[in-house]
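What you are looking at is a predicted structure, and each value in this text was computed from that prediction instead of being measured. In each ligand, atom 1 is the first atom listed, and ligand 1 is the first ligand listed.
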Amino acid sequence: MRSRAQYLREMGLTPWTLITDARVIARQQTDLVSSELESPGEVALSDWTSLQQQVGNCMRCSLHETRKTTVFGEGDPKADWLLVGEAPGAEEDRQGLPFVGRAGQLLNRMLFSVDLSRDEVFVANVLKCRPPDNRDPFGEEVNACESFLHRQVESIQPKIILAMGRFAAQALLRTDQAIGQLRGRVHRYPAYDIPLVVTYHPAYLLRSPQAKAKAWEDLILALAEFKSVPGSENI
Ligand code: URA
């Protein structure tokens with residue numbers, strides 16, 4: 001078992017003493033209900049392979065014209081942890097896999113810091129296609145794509161969801177609240193009552209390393225919440 005100081009060093013952080021125990025941060029139930037997940041663009045309930053095919057063939061928005069390949073997601077389709085990012089970048093678009101660039105390397109270190117590896121989790125994005133020039137996703141693209149993500153959650157049934165960045169948090173929680181308001185407490189993914197923790201996007205952490213300390217607190221909060229799920233205490 002590594003010490004907390006080792007975890008911190010693996011994340012590229014100087015060890016320090018936590019002032020706030022993230023576990024005592026108040027939980028807040030979101031008041032979303034499952035019916036709010038229904039949208040006109042809903043993906044038919046289907047098995048995993050068929051969902052992959054639907055994503056692979058998707059032409060719901062104009063991003064299909066510029067993508068090289070779709071990025072469905074990667075990892076254990078029955079994982080306890082689901083991590084959700086924003087959208088594929090250039091390298092992800094080439095390889096068809098999520099988080100393979102620099103942000104992905106940081107994500108791997110973040111996972112390692114809480115004793116997880118990429119093959120134990122499932123990593124997905126809100127958008128399955130790359131927005132050109134790495135621009136922010138447009139609202140209509142999120143609307144067209146997000147039901148794929150909701151079906152992934154439904155199929156994986158993870159024990160904890162880590163929403164990385166504003167787009168993931170807002171799409172999963174159906175809110176327009178800012179990330180600063182969403183961090184630091186445990187939300188519930190509507191419909192399945194799955195605990196959900198919001199943290200910064202790894203690409204943001206690369207640009208703003210001072211935020212890594214808060215990201216560490218988010219990971220500890222997610223880990224504590226995961227361990228509190230009956231049956232997960234000793235995982
Ligand atoms: N950023 C994301 O949000 N997702 C990826 O897959 C890569 C970078």
Side-chain angles (χ1 to χ4, degrees), residues 11-12 51-52 55-56 58 60-61 63-64 66-77 79 81-113 116-153 156 158 160-173 175-176 178-180 182-183 189 196-209 211-212 214-215 218-219 222:
M11 282 183 71
L51 189 57
Q52 279 177 297
V55 168
C58 181
R60 288 171 170 220
C61 78
L63 292 181
H64 78 274
T66 49
R67 74 178 178 221
K68 285 196 175 60
T69 179
T70 55
V71 179
F72 180 75
E74 185 192 32
D76 179 356
W81 286 68
L82 171 63
L83 280 69
V84 181
E86 180 179 315
E91 199 48 42
E92 289 78 15
D93 181 50
R94 258 191 294 278
Q95 296 190 31
L97 295 170
F99 283 96
V100 289
R102 280 187 66 226
Q105 287 165 17
L106 177 57
L107 177 60
N108 294 349
R109 291 201 295 279
M110 290 166 71
L111 286 173
F112 192 58
S113 77
L116 287 168
S117 64
R118 281 285 284 263
D119 53 7
E120 287 173 274
V121 303
F122 195 85
V123 181
N125 285 306
V126 177
L127 292 194
K128 310 305 187 205
C129 296
R130 180 192 181 212
D133 305 317
N134 294 338
R135 65 159 169 74
D136 283 350
F138 292 151
E140 64 263 28
E141 293 160 353
V142 173
N143 289 340
C145 208
E146 66 182 355
S147 62
F148 288 132
L149 177 62
H150 292 300
R151 289 293 175 248
Q152 286 178 308
V153 179
I156 297 169
I160 182 96
I161 300 174
L162 190 66
M164 302 182 294
R166 169 166 73 95
F167 285 94
Q170 292 181 343
L172 287 163
L173 294 172
T175 179
D176 55 8
I179 189 158
L182 296 169
R183 279 192 54 257
Y189 175 79
L196 185 153
V197 170
V198 174
T199 192
Y200 293 115
H201 192 285
Y204 171 77
L205 295 176
L206 288 173
R207 294 193 300 275
S208 311
K212 283 184 181 176
K214 287 183 178 170
D218 299 333
L219 279 175

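For a threshold of 3.5 Å applied to N or O pairs, the pair formed by E92 and ligand 1 contains no separation below that value. Of the N or O atoms in F99, one or more lie within a sub-3.5 Å distance of an N or O in ligand 1.
We find that R166 and D136 are joined by a salt bridge, their nearest charged nitrogen and carboxylate oxygen being less than 4.0 Å apart.
Screening K128, Q152, R151 for a side-chain contact (heavy atoms from CB on, under 4.5 Å) with V55, the sole residue that qualifies is K128. When each of V126, N125, L127 is tested with P137 by the rule side-chain contact (heavy atoms from CB on, under 4.5 Å), just one qualifies, namely L127. Among V121, D119, L97, the single residue meeting the side-chain contact (heavy atoms from CB on, under 4.5 Å) criterion with E74 is L97.
For the residue pair Q95/K68, the side-chain donor-acceptor check at 3.5 Å is not satisfied.
Only backbone heavy atoms of A87 (N, CA, C or O) come within less than 4.0 Å of ligand 1; its side chain stays farther off.
Residue E86 has at least one heavy-atom neighbour below 4.0 Å for each of these atoms of ligand 1: 2 (C), 3 (O). Using a 4.0 Å cut-off to heavy atoms of P98, the atoms of ligand 1 that qualify are 6 (O). The ligand atoms of ligand 1 that sit less than 4.0 angstrom from a heavy atom of H201 are 1 (N), 2 (C), 3 (O). Close approach of ligand 1 to G85 (heavy-atom distance below 4.0 Å) involves ligand atoms 3 (O).
Taking atom 4 (N) of ligand 1 as the reference point, the nearest protein heavy-atom neighbour is N125 OD1, 2.8 Å.
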Quick one: do R130 and N134 satisfy side-chain contact (heavy atoms from CB on, under 4.5 Å)? Show the steps, please. CA-CA 7 Å; R130 180 192 181 212; N134 294 338; 3.2 Å; yes
